[in-house]
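Worksheet: one structure, shown below.
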Amino acid sequence: MAYVAPAEVEQIPPAEVEDVELYHAKSWVTKYVFSQDAKVIAIQYSATAIAIGLVGLVLSWLMRLQLGFPELFDFIEPSDYYQFITVHGMIMVIYLLTALFLGGFGNYLIPLMVGARDMVFPYVNMVSYWVYLGAVILLIVSFFVPGGATGAGWTLYPPQAILSGTPGSEGGIILMLVSLALFIIGFTMGGLNYVVTVLQARTRGMTLMRLPLTIWGIFTATVLALLAFPALLVGAVMMTFDKLLGTSFFMPALVEMGVYLDYGGGSPLLFQHLFWFFGHPEVYIVALPAFGIVSDLISVHARRHIFGYRMMVWAIVGIGALSFVVWAHHMYVSGMNPWFGFFFATTTLIIAVPTALKVYNWTLTLWKGNIRFTLPMLFALAFIVTFVNGGITGLFLGNVVVDVPLSDTMFVVAHFHMVMGVAPLLVVFGGIYHWFPLITGRMLHEGMGQFHFWVTFIGAYTIFLPLHYLGFLGVPRRYFEMGETNFIPESAQDLNAFVTVVALTVGVAQIVFFINLFWSLKNGKLAGHNPWKACSLEWRTAHVPPRHGNFDDLPVVYRWAYDYGVPGADEDFIPQDVPPDRVSTGKGEV
Amino acid sequence: MAHAEAHVEGQQHPLGIYFKIWALLFVLSTLSYLVDYYNFEGYLRWTLILLFMFMKAGLIISVFMHMLWERLALVYAIALPTIALMVFVFLMTNEADNTFLLRGIYFLGLGGS
Amino acid sequence: MTDSNTGQVAARTEGMPGIVSDWSSDQRAFKNVPWGKAMMWIFLLSDTFIFSIFLLSYMTVRMSTTIPWPYPSDIFALSFGGEPIPLILIAIMTFILITSSGTMVLAVNYGYRKDRVKTAILLLITAAFGATFVGMQAFEWTKLIVEEGVRPWTNPFGAPQFGSVFFMITGFHGFHVSVGVLFLIIIARKVWRGDYDVGRRGFFTSRKGNYEIVETMGLYWHFVDLVWVFIFAFFYLW
Amino acid sequence: MLVPIMLLLVGLGTVVFHFVSPWWWTPIASNWGYIDDTIILTFWVTGVVFVGVVLFIAWCTYRYRYQKGKKADYEPENAKLEWWLTILTTIGVAAMLAPGLWVWNDFVTVPEDAAEFEVVAKQWEWTYRFPGKDGKLGTTDAKYINDDNPFGINPKDKNGRDDILIDDGEVHLPINQPVKVLLRSIDVLHDFGIVQFRAKMDMVPGTVTSFWFTPTRIGEFDVLCFELCGVGHYAMRGMVVVDSVSDFQAWLDEQPTFAQSLAEAESDSDKSSNRVFSEASSPDREIAR
Ligand code: HEA
Ligand code: HEA
Ligand code: CUA
Ligand SMILES: [Cu+2]
């Protein structure tokens, strides 16, 4: 796979499809606003996702203020608090990470990395973004309708989500559901593009087993999303009907604040199954792209090929497939059929094996490498640490009987922030530091980057590590305030206050990151072609940043994306489109 | 192989087969309708319904949607993910049964507790 | 073989080795499958998940409710003068949808022969059958709502979920049919005008289309028929 | 140099924090010691892996830091190494899973001699019901719920007449007696959890869920709600008091039965005029199959 023998040149097949005809924008508006260029769409997606992510971040501060200093901030009412956690969770998982990884990184990198001129259906791709924007706007609007946004938790469990004891049960929940439905529709349009582009629009010589792992991660995540979102969509539709039409899909006979309601016979557990049939793949939807991207970051900056590439690909595919049969590990104490516990605990722990292999392969890539401590590498290292930490706490929760005392405590909150809130977000940052030179032609400022990295990594770790121990004490999640108990020590509150202070610090430190982004746009060091000396195709365009259509002539691929440190070659890397007979070997041209 | 193939990649088959399948679909639909008309009950009914359903679905997918002539790479890519659905359906039958049982015991007073 | 761009295609392996060689080849995993068709197949897979989960939810609420489930056979009976015939309207709708599938598959076939006129006419006939189907569904809904007093939240026969599921699933299916009819008409118009012969650009996409779109449309239409097979079996007959 | 040191510090810091932190679980008061054991086991298995991985990266970043002109080693795959890692991980996973499932089997197998009592949750308070002398709980339905009958007990079910109702959030249990807790909610999801018992379970309206345990320590234990149930979720508290058998019996004898509370309601019946439910509006339900 690695050092392609000259004989293989012969086997690069001819082009199967004619080169596409590009749509050329006629005006400023069609070029930058209603653009059909995947790269512009990617930037639109990313900017929107990050903007809404900042809203999520601010919400997390408000939550932390309340948790750290429960008496102090009387402008935060319990109902506000529940709205904050709900919208915070929803924004972070779906509107920020899913959109950023797939819509943002996916749109930018897929065509470039597979050697295509654009996505296969640029028009649909464009519509995808605008629908997504609509979903985001609806989400924001929901804060301003009477009753405010929904406070049902991001899991939106009925009956509670649509009954009056929950904030936002008047209008907020409906807007939330509609916004989700819109997100799914928009995502489906984009997602079909990503999948078909990877499957059907690769350049000559680009076999699936030569794809950079970034693409494998994004591709698999997109497939998961296309198959998992239907469950959420259906659940959302049915809940909307329960609320608006008075149907009883999820509503058994019940009493709302003493009033017997006209519902009967429905199954609240059904919604939970639907939600988690979506929800578990969803967490891998945000994890797999991170896995992929981090593999590339590690390989490039350790100047070493990724270790066990085939294993990495199969692990991604395997994790993706398995993620559809583990969903009810979120429901161990939901009152579902008890024997499910055996099934789901087993599948859940099995999924740890491919994940563990990925972790090993990352570390084995570092091993015997030539590691440069660039910013992307720092973030990648931090990812490994936080991900392993969060992953192993997943093993606690996955082992059904251990989950019983820990479920719905701060331990769960700590688990998923470490594994989802911190780890993939570090990869997002790493990815931005890595590809910013490609997108803008300039490097980000190193000093500001270092500061941002250390504060974010150490800070985020410090925020969430102690929360596990609150979970062991038995502090429940989604508590506006802990109040009096006879078993939780006073010191738990001090810990909470400490965590809040750290969280605010980390949050404020993000300002440095944004300053860096804008400052470097104008003043960053010029990057030139391929500043990191990477092998994959996105750095092999004629222009940096790549223009509409990406490549002048479509590249032909002769090798995998990880030919770093090939013995015999002069350089320590050989880009994918360098034919074997062009590799300079010191002994002269072959 | 013909070099034009890269451009014309469609499926061309003699019309005859479509008419045959068409007729067969009519027959199968009639049969499944008759299952109801003659009031078959219990397992016989369910088996027949499923049998005719799967036959119809199979014909539509394989002939009308041309799966029969597609390369296996596509066929499997479309078919395999449905396994996840089957697992889901299987588990939900158990879940629903369990709910039904509990409701019977605690709300309707059937059986011991 | 050289780097020519002529679209030479080597003979392909079949069977299981074919899967391996297709997936490990470059450029395309689905050989000979145009982009539009690949996209439609994957969309249909996603849509399969949607419908399956609708049906699964129906199964779950039906199995877990302790209130008797109404007997669809009687509810959907129709009498022409004398005895009520069970499910007769549904049976006719089934036949109509199958017929439209038949005309669709013919349209696809003529599309590939680039027979502009026949293709357009067959597409229109398909659309007409589709519209008839939707019309009959509207009739069925009206009858149920007005005469039988079935509502999404309640019905006179038994478990309230019966009505909810009925309106939701047939509604969602009917929506698919209606969208299909719309697109059939649009494509028929394009075929009729000869857009795919002269390579006229799409109004929105500014791209040239070709007759492959007819097959892609066909996939969608057959899928709608396919879904009906399952709805018929699980909702009306079970 | 900074990077390896920081990685080392993070790894070791985590371990140190674990061992010195004053926050750890609340002492157990039930038979579920096995659960704690499984947690400890999981800690050791995963802890070793965590420390191993972090130390290994720290070492790599030190040993293989960038040197100009150096080239990384080229070895894309190493089947033997990958197999070993797979096997070892599988063993590790199995070592945690097997005991876990074994304990879970205990958790879902209710012993024959378990006594039953019911917890009824509503927004945002806990109430409880014990079977009366007949040892059987009466059937219930949300439609029977009204001011006189907040538990929704079927008035026609004679098993329910002698049921003992506790309406004030505090319940007593006898020590060392296995109990099966039946969990019922009349409005939304709740979760009956007692940290010291290491057990919890959601209550789902429209069905009855359950778990079992044996209290092993006399004392008062806070009941917390562990499932988001609206704005009052955080304040939904109750208390379980574990008594000696005789204290428990004395307490139980003081509690009113359903029949008594109905009779009481009868006597001032005009107060309950704001009945929310009328028999006619919801027909009796029969079982379908
Ligand atoms: C990116 C997101 C992400 C990822 C990757 C994971 C990964 C995992 N999660 Fe997590 N999880 C969430 C996001 C995520 N989770 C979220 C958001 C929730 C809460 C939702 C809510 O309720 O609001 C949640 C909740 C959650 C629960 C439910 C808890 C509860 O509510 O009671 C469970 C239970 O099984 C669980 C398990 C796991 C497991 C076993 C993994 C595994 O995939 C982890 C695998 C990784 C490793 C294991 C680490 C690497 C391995 C090694 C270095 C070797 C290990 C060695 C040995 C095994 C010997 N998670
Ligand atoms: C990816 C997901 C993600 C992320 C990043 C975060 C980030 C944070 N979260 Fe959140 N959180 C969730 C997902 C996430 N969370 C979910 C799903 C829930 C459950 C909701 C529910 O129960 O319904 C939850 C709930 C939750 C709770 C529990 C509330 C409760 O149960 O009572 C708390 C409490 O401390 C909390 C705190 C924080 C803090 C302090 C941060 C941060 O401040 C951490 C530090 C910040 C950073 C490291 C960087 C932040 C930058 C951005 C987020 C945006 C900018 C982005 C780019 C430039 C790329 N979160
Ligand atoms: Cu009751 Cu939370
Ligand atoms: Cu999960």
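To find a chain, count down the sequence lines: A is the first, B the second, and so on, and within it residues start at 1. Quick note: numbers below take in every heavy atom, side chains included, and nothing from hydrogens, waters or symmetry partners.
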With chain D, the option among A:Pro78, A:Ser334, A:Pro338 that has the most non-hydrogen atom pairs under 4.5 Å is A:Ser334

Quick check for you: among A:Leu163, A:Leu269, A:Leu364, A:Ile306, which has the greatest number of heavy-atom pairs under 4.5 Å with chain D? A:Leu364

D:Asp222/D:Arg237 salt bridge by N-O under 4.0 Å criterion: no

With a 4.5 angstrom heavy-atom cut-off, is it the side chain or the backbone of A:Asn486 that approaches chain D, or both, or neither? both

Greatest number of heavy atom pairs closer than 4.5 Å to chain A - which of D:Ile35, D:Val54, D:Val3: D:Val3

What part of A:Glu571 lies closer than 4.5 angstrom to a heavy atom of chain D: side chain, backbone, both or neither? backbone

Would you please name every residue forming a salt bridge (Lys or Arg N to Asp or Glu O under 4.0 Å) with A:Arg478, sequence neighbours left out? none

Measure A:Glu77 against the heavy atoms of chain D and call it side chain, backbone, both or neither at under 4.5 Å. neither

Honestly, the part of D:Glu82 sitting under 4.5 Å from a heavy atom of chain A is both

Please state whether the side chain, the backbone, both or neither of A:Pro466 comes within less than 4.5 Å of a heavy atom of chain D. both

Contacting moiety of A:Tyr564, where chain D heavy atoms sit under 4.5 Å: backbone

Using non-hydrogen atoms and a 4.5 Å limit, figure out which bit of A:Ala356 sits close to chain D: side chain, backbone, both or neither. side chain

Heavy-atom proximity to chain D below 4.5 Å, by part of A:Leu470: neither

Out of D:Pro150, D:Ala142, D:Gly206, D:Gly13, return the one with the most heavy atom pairs under 4.5 angstrom to chain A. D:Ala142

Any idea which of D:Val93, D:Leu7, D:Asn78, D:Thr209 has the most non-hydrogen atom pairs under 4.5 angstrom with chain A? D:Val93

Which portion of A:Tyr81 sits near chain D, non-hydrogen atoms under 4.5 angstrom: neither

Given heavy-atom pairs under 4.5 angstrom as the criterion, report whether the side chain, backbone, both or neither of A:Leu366 touches chain D. both

Any idea which heavy atoms bring D:Ser30 and D:Phe197 closest together, and the distance? OG-O, 3.0 Å

Of A:Glu256, A:Met311, A:Arg303, the largest count of non-hydrogen pairs under 4.5 angstrom with chain D goes to A:Met311

Under a 4.5 Å heavy-atom cut-off, does chain D meet the side chain of A:Met331, its backbone, both or neither? neither

Honestly, the part of A:Trp362 sitting under 4.5 Å from a heavy atom of chain D is neither

Looking at chain A, which one of D:Leu9, D:Leu2, D:Thr46, D:Val53 has the largest number of heavy-atom pairs inside 4.5 Å, strictly under? D:Thr46

Residue from A:Leu381, A:Leu261, A:Leu495 scoring the most non-hydrogen pairs under 4.5 Å with chain D is A:Leu495

Chain D shares the most heavy-atom pairs under 4.5 Å, among A:Leu378, A:Thr462, A:Val400, A:Thr166, with A:Val400

Identify the residues of residues 59-68 of chain D whose heavy atoms come closer than 4.5 Å to a heavy atom of chain A, ordered by number, or report 'none'. D:Trp59, D:Cys60, D:Thr61, D:Tyr64, D:Arg65, D:Tyr66, D:Gln67

Which of the residues A:Gly341, A:Gly266, A:Gly398, A:Ser164 is involved in the greatest number of heavy-atom pairs with chain D at under 4.5 angstrom? A:Gly341

Note: vs chain A, highest number of non-hydrogen pairs under 4.5 angstrom among D:Leu224, D:Asp106, D:Val108 is D:Leu224

